[in-house]
Amino acid sequence: MSLLAPLYLLGALAVVAPIVFHLIRRTTRGEVPFSSLLFLSASPPRLTRRSRLDHWPLLLLRSTALILLAIAFARPFLRELSILNLGSGERSRVAVLIDASASMKRGDLWKQAQAAAADAIDATGPDDQIAVLAFDTGTRTAFGFGQSQALDASRRQAAARGVVAGLAPSWRGTDLGHALIDAVGAIEDVGDAAGKASRMRRRIVLVSDMAQGSKLDALGGFEWPSDVEIEWKRIGVSGSNAGIQRQSGPAEGEGTAEKDGGIRVRVANDPLSKRDTFALAWAGDPGPPTSVYVPPGESRVAKLPRPLASGSLRLRGDDFDYDDTLFVAAEPAEPATVLFVGPDAADDPAGLLYYLTRVFEGDGRRAITVEPRSPTAALTKPADRSLPMIVLAGETTAGNVDFLRSFVRDGGTLVAVPAAGRAEALAAVAEVPPFDVAEAPVKGDVLLGEIAFDHPLFAPFASPQFNDFTKIHFWKRRSWPSDALGPDARVLARFEGGDPAVVEKAAGKGRIVVLASGWTPADGQLARSSKFVPLMAALLDRGDATPEATDLRVGDPIPLSPDARSVRTPDGSDVPVEAGSASFAATESPGVYAIESAGRKTRLVAVNLDPAESKTAPLPIETLEQFGCRMASPTREAAERESRRQMQNAELEGRQKAWRWLILATIGVLILETGLAGWLGRPRPLPSSAEAPAT
């Protein structure tokens, strides 16, 4: 039996009063009148050592009445009925959300995660609904609420634990924001029935290392439900962690980042790390490693020679090796030729050819030769080299026009820098009517005002640190009618004022790129800027080739050419490619992927771990609260649990109403006590021997 208001039991202490009253004799057993005592006042009754309890039955009745009254005010009820009638009042809908990203591969972190998830499942009640979700860059349901409801309560927990035991961390990044939103959606998608199920609590048990590399952007525009709580299971490992990533893109003042055939890598050290000295070495290279000093919480950039073949760069001196490998896909050096059709001399610094020749010098990836050709000489393809690009500066013969047209249709890139005058050769190759090219009036200089960074030609400059073109001034530029190259031509860059600066026109399998201004010093500062070398490299590579290895992360699709037939994954398996597939999406592990194409050489693509997975310092739990998430507080949860228990007790006591029977029993005892007290207090005649003597 339990009591709703146990403090009222203190009222039972009132039984002391009847006991004291019974110990004090207010009247004697019999009175004998004496004449000599008639003039004395009676002494009040008092307690002495010789005081005895009188009228035991009457005392017991009075004490019983007071005790019954105190118990009635304490409002007793039977707890056993609470279990039978209200056992399902604590129903909850629990989504166990497990982080299965690459950072969970550190030490025994995954074992901790599985144990924490199993504990969360064991803590659920027989009437609770359970779901298990795993997340990395995406969220997948491993054990849904539908499966939970379909199973018997005795099998539900065991089935959920079995699912958790079968999970494993992936090599993908951590998108915690979308995962929390998906968990809320999974909870809300299950409809509540009427009655007791409508009171079901909603809770997300988050099992994660809460690393700083976790993405939370999705929570910024999401309104968190007020009745969904997040309970974070803290897991973590001790030890130093550092990561390695490829640095790509041009740097101001350095031309191209890898012009000299080397690569730049960034080593980032965790803020909680206890190490600051690391080493970089190519796998299989017997040479000495490159030492790198990186203080905790900082990063350093190191330059290393590019490998001759595809390989991996290892970071040594770290406690956790899951993020210590950088894969590099080194394409075999293929000799190539770039034809320059124009009147410029190779040693003339005022011409286009002078700078074009020096663009590809020292390119460690391939051997490129720039061959000048006279506009009147017949153009032919090199016998032992590929011909990816031709630069046309001015007019040429009709025979060369046919050659250029065939070259573009077969997949080549023609870069045209027209001079002022009638553009007949360019128009013939583009298969449009001839048009006039005029020198546009320029007062002082002009800048590029609009650039299509979404196009592969300018994609290497899309990052904020590289997209500043305001340091490139143009003194001269050409203009032509806006529709001269046809309706399918696309303007990739415009000058201030809106005139086209770079125009691209597709022709067959190739393309024609027309520049309104050249790169000579008389035209502008393009050749002397850091943008010139990567821009010409993008023109040479068609700009639509497979992205550099640094651009692909685990889970990113690999663009495929139309003639791709299969992809060899890092584990050595060959995956056939369906005809017409534009990309290969099964990049589930870091490494070098080889794309086999019909009639073309094997293309190698490196896929690496997301650098954010190396940021393993824990996020403060307040970060989620700043996004509006409602975190479960042990104090608040205990208070709410106590409040629910009190409500259940009050509801049960209100159903039983045992206090009524106690009040009736008290009234009965008082009636009996009144009758007994009246019987005991009736006058009794004195015995004859006690009468006073006659005078």
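Just so we're clear, the structure is a prediction, and the values are computed from it rather than from any experiment.
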- Residues Glu395 and Ala423: closest non-hydrogen pair is OE2-CA, 3.4 Å
- Can Arg568 and Glu596 be counted as an ion pair, charged N to O under 4.0 angstrom? yes
- Message: Measuring only between side-chain heavy atoms, which start at C-beta, is Tyr593 closer than 4.5 Å to Val575?
- Response: no
- Message: Using salt bridge (charged side-chain N to carboxylate O under 4.0 Å, His left out), reason through Arg511 and Glu504 one step at a time and then give a plain yes or no.
- Response: CA-CA 7 Å; Arg511 62 175 179 171; Glu504 180 187 56; 3.1 Å; yes
- Item | Any side-chain heavy-atom pair of Val513 and Leu414 under 4.5 Å | no
- Examine distances only and state if a side-chain atom of Thr397 and a backbone atom of Thr376 form a donor-acceptor pair shorter than 3.5 Å. no
- Message: Nearest 0.5 Å, please: how far is CG in Asp445 from CZ in Arg477?
- Response: 11.0 Å
- Message: Counting only heavy atoms not in Lys505 (residues, nucleotides, ligands), do more than 12 fall under 6.0 Å from its NZ?
- Response: yes
- Thr357 side-chain N/O to Leu353 backbone N/O, donor-acceptor pair under 3.5 Å: yes
- Message: Quick one: does any side-chain atom of Thr396 pair with a main-chain N or O of Asn400 as donor and acceptor, under 3.5 Å?
- Response: no
- Task: Tell me, with the steps shown, if Thr413 and Leu540 meet side chain to side chain contact (heavy atoms under 4.5 Å, CB included).
- Result: CA-CA 7 Å; Thr413 297; Leu540 181 67; over 6 Å; no
- Query: Can Val415 and Ile390 be said to form a side chain to side chain contact (heavy atoms under 4.5 Å, CB included), step by step?
  - Reply: CA-CA 6 Å; Val415 179; Ile390 298 178; over 6 Å; no
- Query: Do you know which two heavy atoms are closest between Leu447 and Ile472, and how far apart they sit?
  - Reply: CD2-O, 3.2 Å
- Task: Could you tell me whether the side chain of Val502 reaches within less than 4.5 Å of the side chain of Val491, counting heavy atoms only?
- Result: no
- Item | Sidechain-backbone polar pair: Asp410 side chain, Phe407 backbone, donor-acceptor under 3.5 Å | no
- Item | Worked check of side-chain hydrogen bond (donor to acceptor under 3.5 Å, both in side chains) between Ser479 and Asp499 | CA-CA 7 Å; Ser479 63; Asp499 291 339; 6.0 Å; no
- Query: Just wondering, do Leu216 and Phe627 contact through their side chains at under 4.5 Å, heavy atoms?
  - Reply: yes
- Item | Atom pair CZ/CD of Phe435 and Glu424 - distance to nearest 0.5 Å | 10.5 Å
- Is any side-chain heavy atom of Leu313 less than 4.5 Å from a side-chain heavy atom of Thr325? no
- Message: Just verifying a value: how many Å separate Met389 CE and Leu356 CG, rounded to the nearest 0.5 Å?
- Response: 6.0 Å
- Tyr322 side chain near Leu609 side chain, heavy-atom distance below 4.5 Å: yes
- For the pair Arg314 and Asp323, find out whether any cationic side-chain nitrogen is under 4.0 Å from an anionic carboxylate oxygen. no
- Do Ser566 and Asp574 have side-chain atoms, one donor and one acceptor, less than 3.5 Å apart? no
- Steps toward side chain to side chain contact (heavy atoms under 4.5 Å, CB included) verdict (Thr337, Ile368): CA-CA 6 Å; Thr337 298; Ile368 300 175; over 6 Å; no
- Message: Taking the basic N atoms (NZ, or NE/NH1/NH2) and the acidic carboxylate oxygens, is any pair closer than 4.0 Å for Arg172 and Asp610?
- Response: no
- Quick one: does Ser406's side chain have a donor or acceptor within less than 3.5 Å of a partner on Phe403's backbone? no
- Do Tyr355 and Phe532 have ring centroids that are under 6.0 Å from one another? no
- Message: Go through it in stages, so that I can follow the logic: the residues are Asp175 and Thr137, the test is side-chain hydrogen bond (donor to acceptor under 3.5 Å, both in side chains), and I'd like the CA-CA distance, side-chain angles, deciding distance and then a yes or no.
- Response: CA-CA 5 Å; Asp175 194 342; Thr137 53; over 6 Å; no
- Message: Side chains of Thr174 and Glu613 only: does a donor on one sit below 3.5 Å from an acceptor on the other?
- Response: yes
- Task: Assess whether side-chain hydrogen bond (donor to acceptor under 3.5 Å, both in side chains) is satisfied between Thr139 and Asp182, documenting all intermediate values.
- Result: CA-CA 7 Å; Thr139 308; Asp182 292 338; 2.9 Å; yes
- Message: Is there a side chain to side chain contact (heavy atoms under 4.5 Å, CB included) between Thr369 and Val338? Walk through the geometry before answering.
- Response: CA-CA 6 Å; Thr369 303; Val338 174; over 6 Å; no
- Taking all non-hydrogen atoms of both residues into account, name the closest pair between Pro500 and Val503 and its distance. CB-CG2, 3.7 Å
- Kindly indicate whether the side chain of Val391, heavy atoms from C-beta on, has any atom under 4.5 Å from the side chain of Leu352. no
- Message: Looking at Glu371 and Arg373, is there a salt bridge between them, counting it only when a charged N and a carboxylate O are closer than 4.0 Å?
- Response: yes
- Can a salt bridge be assigned to the pair Asp402 and Arg405 using a cut-off of 4.0 Å between side-chain N and carboxylate O? yes
- Task: Measure the spacing between CZ of Arg494 and CD1 of Ile451 and express it to the nearest 0.5 Å.
- Result: 12.5 Å
- Item | Closest approach of Ala493 to Phe458 (non-hydrogen atoms, all atoms of both residues) | CB-CZ, 4.1 Å
- Heavy-atom side-chain contact between Arg478 and Asp523 under 4.5 Å: yes
- Task: Work out which heavy atom in Asp348 is nearest to a heavy atom in Tyr354; give both atom names and the distance.
- Result: O-CB, 3.0 Å
- Query: When rounded to the nearest 0.5 angstrom, what distance separates CD1 in Ile244 from CG in Asn608?
  - Reply: 9.0 Å
- Is it the case that Gln245 and Arg266 place a side-chain donor and acceptor less than 3.5 Å from each other? no
- Message: Take a 6.0 Å sphere around CZ of Arg528 and say whether it holds more than 12 heavy atoms from other residues, nucleotides or ligands.
- Response: no
- Message: Between Ser103 (side chain only) and Thr616 (backbone N and O only), is there a donor and an acceptor less than 3.5 Å apart?
- Response: no
- Could you tell me if the ring centre of Phe461 sits under 6.0 Å from that of Phe469? yes
- If you take all heavy atoms of Val607 and Ser589, which pair is closest and at what distance? CG1-O, 4.3 Å
- Query: How many angstroms lie between CG in Leu604 and CD1 in Ile595, if you round to the nearest 0.5 Å?
  - Reply: 7.5 Å
